[in-house]
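Here is the structure we will look at, set down as C-alpha cells.
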Amino acid sequence: MSYVALYRKWRPDEFQEVKGQEHIVTTLKNQIKHNRVGHAYLFCGTRGTGKTTIARLIAKAVNCENPVDGSPCNECESCKAISAGASMNVIEIDAASNNGVDSVRQINDAVRYSPSTGKYLVYIIDEVHMLTNSAYNALLKTLEEPPEYVKFILATTDVQTIPVTVLSRCQRYDFKRISLDIIADRLEELLKREGIPATREAINYVAKAADGSMRDALSILDQCIAFNLGEEVTYDKVLEIVGSVDLDIYLSLFDAIKARDTKAALALINDAVWAGKDLSLFVNEFTTFMRDLLMLKYNVEATVDVTSENLPRLIEAGADVEDDKLISFINIMQETSGKIKYASTKRIVLEVAIIKLCTPQMRQDEGALRERLSDIEAKLEQGGTSQQVVYVTSDQLPDGANVQGATYVQQSQTTHASSAVAIAGDPVDNPDLEQEIIKNIKERYKEAELLEIKQICKAWKLVKGQVIKPVREFLNCASVVPSNTSQGTIDLFVEDKPENDLAIGYFDDRENLDDLEDKIAVITERKVHLNFRKTGRKDIQADQIRKWDLSKINFDNIEYKK
C-alpha cells in the first residue's frame, strides 16, 4: 500500500477531533442534532483551517444512519462509502478548474434527481471564489431554493471576491487561524499514535512555522520525520528542514546592530545565505524577534514564542534599547519584507536593510537623528572641531536638542532629508567644469541611462555627507567616472602623487570599496560596482578624466528634455 501523507491519514472522522474551530463545530452539531441543517453554507478562512474537513463531516452526518451526538457514526454503509470517496451522495467540485457556466449548468441539471440511496445530495464547491460572473449568476436560483434533498457547502480563502447575492443565500462561517498551542498539542498526539519520538521544542517550532494552518503543520512534520527516519525529531533538524535560523543568530545580529558593527552584521547575513536559509522567512522572523523584545519591555510575562531558558536572554537584549529605536527597526524590516517578496536579488534587499539598521545616518526617524546628535556631542567632548555645521530641517530638530560647539542652520523644506548632516569645508564645484561634464554625458547616454547617472550623482554627494572627515577628503581627491568597460561600474581615479598616498591606500583596500558600494546601494536601491584606478598626471590630462567626473555635478542641474 502506498504511503499516505499525515494530513490525509489523520483527517478528523468526527466533530470532536476538529481543533481550533469550536465555535463552528458547536453550532453545526446543534443544527444536525435538532434537524435544523441549512440548505447552503459558506466557509471562509485561510488554508488548512478545516473548511473541507468540516464540509465532509456535515455530508457524512446528514446521511449517517446512526449519528452520535451530531457526529457521524463512521460504522454505517453511508459513512464508510463517503470516507472512501465512493459515495454518489457527496459531490466535490474544484471551482478553480470547473469555473465556467457550463459546469454550473451541469449542477443545476443534476439536482433535479433525488439520491437513489441516502437522504441528501451534498455539493462541496471548493475555491468558489474562482467561479466566473456568469457561473455565479447561473448558480443563484438553485442556491436560493434547492430541492429539499440538496445541500450546498461552498469554501473559499478569498471571501471579499464573493458576490453579495451569493453571500445573502448562505450561512457564513469564518474559520480562524489555529493557535500555536492547539497545533502543537495535536502534533504531539499524532506523533504518539505514530510511535515517533520528538522533543516539545521541535514540535512547537513546527507549529510556529505552520502559521495557523494545521495542514501545513502536518506537511512540515512529514518532512521532518523523513529527514532522519527512525530517529527523534529535534529542534535542530526542524530548523534545517524549514530553512529557518536559530535564536542565537538573531541575538548575535541584534547585538551587532546595537554596536553599529556593520561588518559583523553582514557577515551573519552571508552565513545565512550560504547555509541556504530562506531570506523572506529570515526577515519575517527577525521582525518578530524585535517585536518580542518590544513587548517584553512593557511586560516580562508577555506571550512570546521562546523557551523559558531563552526568555531572560531576550529581556536582556532589549533592555538597553529605546522604544522608538526598536519601533524604527521593526518598521524598516516590515518595509523590507514587502520588497523582498518580489526582489530578484533578495540578498541585496536584506543587506541594504541591515546597513540602515547599523547606520543612523541612513535613517530619517527622530530616534536616528538623536543618535547622530549624540555622536556629535561625544566627538566634541573628545576634542572635535568647533567648525562643524549641522544642517537640519525644522521638523527634524528634536525638542530640547543641544549640541555644544555646533551651529544649527535651518534648511528649506525642499532640501533632501538624507543630507541632514554636512561638514563645513567641502570644496566648491567649478560651474564651467560642471556644465562640460553634463554636456559630455548627455551626448553619450540615452535618457533612461541619464536617470541612472543622476541617481549615482545624488548618491555620491549624500555618501560624502555620511562618512568621517578623512574618508571625505579621500573622496574629494578622487575622480568619479562611469566605466567604459562595464555597465553599472564606476571608476575611481586618484592621481599618483605623494599627497594622495593615504587616499590610494584607502581605496586599494577592497573592503573599503565594498563599504562605499553598500552606502550607495542604500540610497539608490541598486548595486553599483566601484573600481579603483591609480593614474599619473599626464594620463589625467590626456584622457580628460576630470571632464567625466560625476562628483563635480550638481544633479539638480541635469535636465533631460530634448
Side-chain angles (χ1 to χ4, degrees), residues 8 11 13 15 24 28 31-32 35-45 50-67 70-74 76-159 161-173 175:
R8 293 178 58 196
R11 189 185 293 274
D13 285 328
F15 283 114
I24 295 174
L28 294 175
Q31 288 184 353
I32 294 168
N35 198 26
R36 295 176 61 88
V37 180
H39 67 276
Y41 294 90
L42 177 63
F43 292 167
C44 319
K51 300 185 297 296
T52 303
T53 295
I54 290 183
R56 292 177 180 175
L57 287 174
I58 292 175
K60 288 169 68 175
V62 296
N63 283 296
C64 182
E65 299 171 9
N66 304 297
S71 286
C73 68
N74 293 311
C76 65
E77 292 301 320
S78 175
C79 286
K80 290 179 180 179
I82 294 174
S83 296
S87 174
M88 300 297 292
N89 288 22
V90 180
I91 302 95
E92 291 194 34
I93 300 171
D94 176 21
S97 54
N98 299 280
N99 58 359
V101 67
D102 290 339
S103 299
V104 174
R105 284 175 180 161
Q106 291 177 10
I107 296 174
N108 293 342
D109 292 340
V111 298
R112 298 176 185 175
Y113 306 101
S114 61
S116 57
T117 58
K119 303 174 186 177
Y120 295 98
L121 287 175
V122 181
Y123 284 86
I124 302 173
I125 306 179
D126 206 1
E127 304 297 338
V128 72
H129 61 274
M130 300 294 288
L131 291 179
T132 63
N133 288 333
S134 299
Y136 279 127
N137 292 333
L139 182 63
L140 285 178
K141 190 60 179 177
T142 303
L143 191 64
E144 183 177 20
E145 296 179 359
E148 61 180 9
Y149 51 80
V150 174
K151 306 293 180 185
F152 284 99
I153 304 176
L154 316 181
T156 179
T157 56
D158 191 8
V159 70
T161 62
I162 306 295
V164 176
T165 49
V166 173
L167 293 174
S168 64
R169 289 165 167 81
C170 302
Q171 291 186 29
R172 173 176 169 174
Y173 292 88
F175 285 65

Check your understanding: Is there a donor-acceptor pair under 3.5 Å between the side chain of S78 and the backbone N or O of N63?
Key ->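 Flag set: sc S78 to bb N63 pair under 3.5 Å.
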**Study point:** Test item: R169 side-chain N/O and T165 main-chain N/O as donor-acceptor pair under 3.5 Å
**Key:**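 Yes; judged by distance alone, with no hydrogens or angles, the pair exists.
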To the nearest 0.5 angstrom, please state how far the [atom1] atom of [X] sits from the [atom2] atom of [Y].
{"X": "E77", "Y": "C64", "atom1": "CD", "atom2": "SG", "result": "11.5 Å"}
{"X": "D102", "Y": "S134", "atom1": "CG", "atom2": "OG", "result": "10.0 Å"}
{"X": "T156", "Y": "M130", "atom1": "OG1", "atom2": "CE", "result": "10.0 Å"}
{"X": "T53", "Y": "I58", "atom1": "OG1", "atom2": "CD1", "result": "11.0 Å"}
{"X": "N99", "Y": "I125", "atom1": "CG", "atom2": "CD1", "result": "12.0 Å"}
{"X": "N98", "Y": "S103", "atom1": "CG", "atom2": "OG", "result": "4.5 Å"}

Review point. Would Y41 and F152 count as a close aromatic pair, with their ring centres under 6.0 Å?
Key: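 Y41 vs F152: aromatic centres not under 6.0 Å.
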Check your understanding: Do Y120 and Y149 have their ring centres less than 6.0 Å from each other?
Key -> no
Mind listing the closest non-hydrogen atom pair of [X] and [Y] along with its distance?
{"X": "V90", "Y": "A59", "answer": "CG2-CB, 3.7 Å"}
{"X": "K80", "Y": "N74", "answer": "CG-O, 4.3 Å"}
{"X": "Y136", "Y": "L131", "answer": "CE1-O, 3.4 Å"}
{"X": "N89", "Y": "T117", "answer": "ND2-O, 2.7 Å"}
{"X": "E144", "Y": "H39", "answer": "O-NE2, 3.5 Å"}
{"X": "T161", "Y": "D158", "answer": "OG1-O, 2.9 Å"}

Are any non-hydrogen side-chain atoms of [X] and [Y] less than 4.5 angstrom apart?
{"X": "I93", "Y": "I107", "result": "yes"}
{"X": "V150", "Y": "P147", "result": "yes"}
{"X": "L42", "Y": "C44", "result": "yes"}
{"X": "I24", "Y": "F175", "result": "yes"}
{"X": "L154", "Y": "F43", "result": "no"}
{"X": "I54", "Y": "L28", "result": "yes"}
{"X": "L121", "Y": "I91", "result": "yes"}
{"X": "D13", "Y": "P72", "result": "no"}

Practice item. Would you please say whether a donor-acceptor pair under 3.5 Å links the side chains of T142 and N108? Key: yes
Review point. Quick one: do the S83 and K60 side chains pair a donor with an acceptor below 3.5 Å?
Key: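 A donor-acceptor contact under 3.5 Å links the two side chains.
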**Study point:** side chain to side chain contact (heavy atoms under 4.5 Å, CB included) between L139 and V166, intermediate numbers included
**Key:** CA-CA 9 Å; L139 182 63; V166 173; 5.8 Å; no
**Study point:** Pair E127-T157, side chain to side chain contact (heavy atoms under 4.5 Å, CB included): steps then yes or no
**Key:** CA-CA 7 Å; E127 304 297 338; T157 56; 3.7 Å; yes
Check your understanding: Quick one: which of V122, I82, I124 gives a side-chain contact (heavy atoms from CB on, under 4.5 Å) with R56?
Key ->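 So the option named by the test is I124.
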